[in-house]
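Working notes for the structure below.
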Amino acid sequence: MPELPEVESIAVSLRRGLRGLAISAIDLRRAALLRRGRPADLKPLVGRAITGVRRRGKHLIIEAGDRVLMFHLRMTGGFEWADPAAPDDRHTHLVLRFKEVRRELRFHDVRKFGFALCLPAAGVDSCPEIAVLGPEPLEIGLQEFQSRLKTRRGRLKSVLLDQTFVAGIGNIYADEMLFESRIRPLVSAARLSPARAARLWEAMRAVLSSAVAAGGSTVRNYRNADGEVGHFQENHKVYGRSGEACPACGAPIRHRMIGGRSSHFCSRCQI
DNA sequence: AGTTCCCTGAGG
DNA sequence: CCTCAGGGAACT
């Protein structure tokens with residue numbers, strides 16, 4: 001569920017919390033968290049100062065000099081600052097400790113879909129996870145957005161969720177930006193008119209930037225690294241509102257599966 | 001291009 | 001008890 005706005009909010013909170021800290025120890029509780037990586041890959045991080053935190057798509061990248069620790073949170077991954085003496089739950093998979101402070105940073109993930117990789121900083125952009133990603137939706141220009149759409153066969157909603165098209169959009173924001181632009185999720189991406197593509201581009205920027213400003217959406221239990229919830233769920237017009245009245249026309253919000261994902265839309269407003 | 005699977009807790 | 005949620009890879 002963490003999508004671009006949630007990962008951005010986590011990155012901002014981590015940037016704040018990690019400023020000026022150097023890693024003193026790493027406690028890997030579940031080796032499978034590293035996927036193809038090995039536990040020994042983490043060793044170069046010990047002793048390194050944190051030099052930055054950034055986001056690429058839904059990936060979170062903690063920079064420590066010439067190494068990075070990259071996370072994908074998938075559905076239920078998250079961070080929490082805790083006193084080392086505080087009890088931890090069985091879903092904590094990695095713990096970072098620091099020279100300067102007593103508090104430790106815990107990565108937890110109930111469903112274990114998330115992963116972490118320790119990579120050379122120079123190799124991040126060329127690693128498979130990042131190399132395949134499309135442009136950032138808040139950076140891509142209208143012309144490029146329109147021309148990329150034309151090359152995509154398939155339903156518009158599925159294309160928006162495809163991280164190689166643009167990186168960072170998930171189920172919530174795909175539904176919301178389609179409603180905002182009054183476009184049906186089922187239409188062909190390639191056949192979207194330039195005017196409708198422009199409306200979608202505007203909606204994409206508006207929805208994502210509002211969501212970033214609101215700290216993301218907290219449905220179920222998303223929180224940033226400081227334990228703060230997001231507030232954009234209060235602005236959701238269609239996501240999770242099947243059966244409720246469309247805020248624009250009053251027709252009931254419809255719900256159906258598209259490409260294996262639950263989709264919410266107004267069949268009167270969205271054409 | 002659609003379906004299945006991974007995993008677990010929440011909700012019916 | 002059963003079903004659902006969901007990102008993304010793997011499979012059909």
Side-chain angles (χ1 to χ4, degrees), chain A residues 1-11 29-37 55-61 70-80 88-94 106-117 127-134 136-137 149-178 184-192 208 211 216-223 229-230 232-233 236 238-243 253-265:
Chain A
M1 185 205 338
E3 307 180 27
L4 186 155
E6 290 77 30
V7 180
E8 183 65 31
S9 176
I10 291 172
R29 307 275 177 83
R30 192 176 66 91
L33 173 70
L34 302 181
R35 285 193 164 179
R36 66 178 180 277
R55 178 193 61 74
R56 176 71 174 97
K58 300 174 191 172
H59 298 257
L60 184 77
I61 301 170
M70 179 174 82
F71 291 86
H72 194 303
L73 313 178
R74 285 287 178 91
M75 308 257 328
T76 53
F79 294 89
E80 177 187 23
D88 59 349
D89 62 64
R90 65 199 188 89
H91 302 303
T92 296
H93 305 307
L94 183 79
R106 298 172 178 176
F107 173 76
H108 50 81
D109 183 6
V110 169
R111 293 191 192 163
K112 301 178 182 162
F113 286 3
F115 65 87
L117 283 172
C127 81
E129 289 80 3
I130 301 298
V132 298
L133 297 180
E136 286 289 323
L149 266 179
K150 287 195 193 109
T151 71
R152 294 291 176 142
R153 282 284 156 216
R155 295 164 164 173
L156 183 55
K157 161 129 185 199
S158 301
V159 170
L160 289 173
L161 291 178
D162 184 342
Q163 303 299 296
T164 69
F165 175 64
V166 290
I169 297 173
N171 208 34
I172 295 174
Y173 298 106
D175 281 359
E176 291 299 319
M177 64 185 66
L178 284 166
R184 272 187 192 250
L186 292 149
V187 301
S188 154
R191 292 206 298 264
L192 203 62
L208 291 177
S217 302
T218 292
V219 307
R220 295 187 190 86
N221 41 31
Y222 160 77
R223 285 164 186 270
V229 299
F232 194 72
Q233 68 281 1
H236 290 178
V238 288
Y239 180 81
R241 297 193 184 279
S242 5
I253 301 296
R254 286 179 50 184
H255 178 259
R256 63 168 283 186
M257 296 303 253
I258 299 173
R261 293 290 168 259
S262 75
S263 299
H264 316 75
F265 61 98

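A, B, ... follow the sequence lines: proteins, then strands. Residue 1 opens every chain.
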Exercise. Whole-Å distance between B/dC5 P and A/Met75 CE?
Worked result: 17 Å

Seminar exercise, completed: Whichever of A/Arg111 and A/Glu129 has the more 5' nearest nucleotide on DNA chain C, that residue is A/Arg111

Problem set entry | Protein-nucleotide distance (A/Phe115, atom CZ; C/dA9, atom C1'), rounded to Å | 11 Å

Exercise. Please give, in whole Å, the distance from B/dC7 C1' to A/Asn221 CG?
Worked result: 14 Å

Exercise. Distance check: side-chain N/O of A/Arg155 vs OP1/OP2 of B/dG2, anything under 4.0 Å?
Worked result: yes

For this session: Rounded to the nearest angstrom, tell me the gap between atom CZ in A/Arg35 and atom P in C/dG8.
Result: 10 Å

Problem set entry | A/Glu3 and A/Tyr222: side chain donor to acceptor below 3.5 Å | no

Exercise. So, is A/Gln163 close to the C/dG7 phosphate, meaning a side-chain N or O under 4.0 Å from OP1 or OP2?
Worked result: no

Seminar exercise, completed: When rounded to whole Å, the CG to P distance for the pair A/Asn171 and C/dA5 reads 10 Å

Exercise. Under 4.0 Å between a side-chain N or O of A/Lys112 and OP1 or OP2 of B/dT8?
Worked result: yes

Exercise. Whole-Å distance between C/dG8 P and A/His59 NE2?
Worked result: 7 Å

Exercise. Do we count A/Phe113 as stacking onto C/dG8 if the rule is ring centres under 5.5 Å and planes under 30°?
Worked result: no

Exercise. So which nucleotide from C/dA5, C/dG7, B/dG9 ends up closest to the side chain of A/Val110?
Worked result: B/dG9

Exercise. Is there a donor and acceptor pair, one atom on the side chain of A/Arg261 and one on the base of C/dG8, closer than 3.5 Å?
Worked result: yes

Exercise. Does the pair A/Arg55/A/Glu136 count as a salt bridge with the N-to-O cut at 4.0 Å?
Worked result: yes

For this session: Grab the CE-C1' distance between A/Met257 and C/dC4 for me, whole Å please.
Result: 9 Å

Exercise. Counting any heavy atom closer than 4.0 Å, what does A/Thr76 reach on the DNA or RNA strands: base, sugar-phosphate only, or nothing?
Worked result: nothing

Exercise. Within the structure, does a side-chain N or O atom of A/His91 lie under 4.0 Å from either OP1 or OP2 of B/dG9?
Worked result: yes

Exercise. What nucleic acid atoms does A/Arg90 come within less than 4.0 Å of, heavy atoms only: base, sugar-phosphate, or nothing?
Worked result: sugar-phosphate

Exercise. Which residue, A/Arg106, A/Arg29, A/His108, forms the side-chain hydrogen bond (donor to acceptor under 3.5 Å, both in side chains) with A/Asp88?
Worked result: A/Arg29

Exercise. Taking only side-chain nitrogens and oxygens of A/His72, does any of them come within less than 4.0 Å of OP1 or OP2 of C/dG7?
Worked result: no

Exercise. Whole Å only: how far is the NE2 atom of A/His108 from the C1' atom of B/dC7?
Worked result: 16 Å

Problem set entry | Between A/Asp175 and A/His264: side-chain donor-acceptor atoms closer than 3.5 Å | yes

For this session: Kindly compute the distance separating NE2 (A/His93) from NE2 (A/His91), expressed to the nearest 0.5 Å.
Result: 7.5 Å

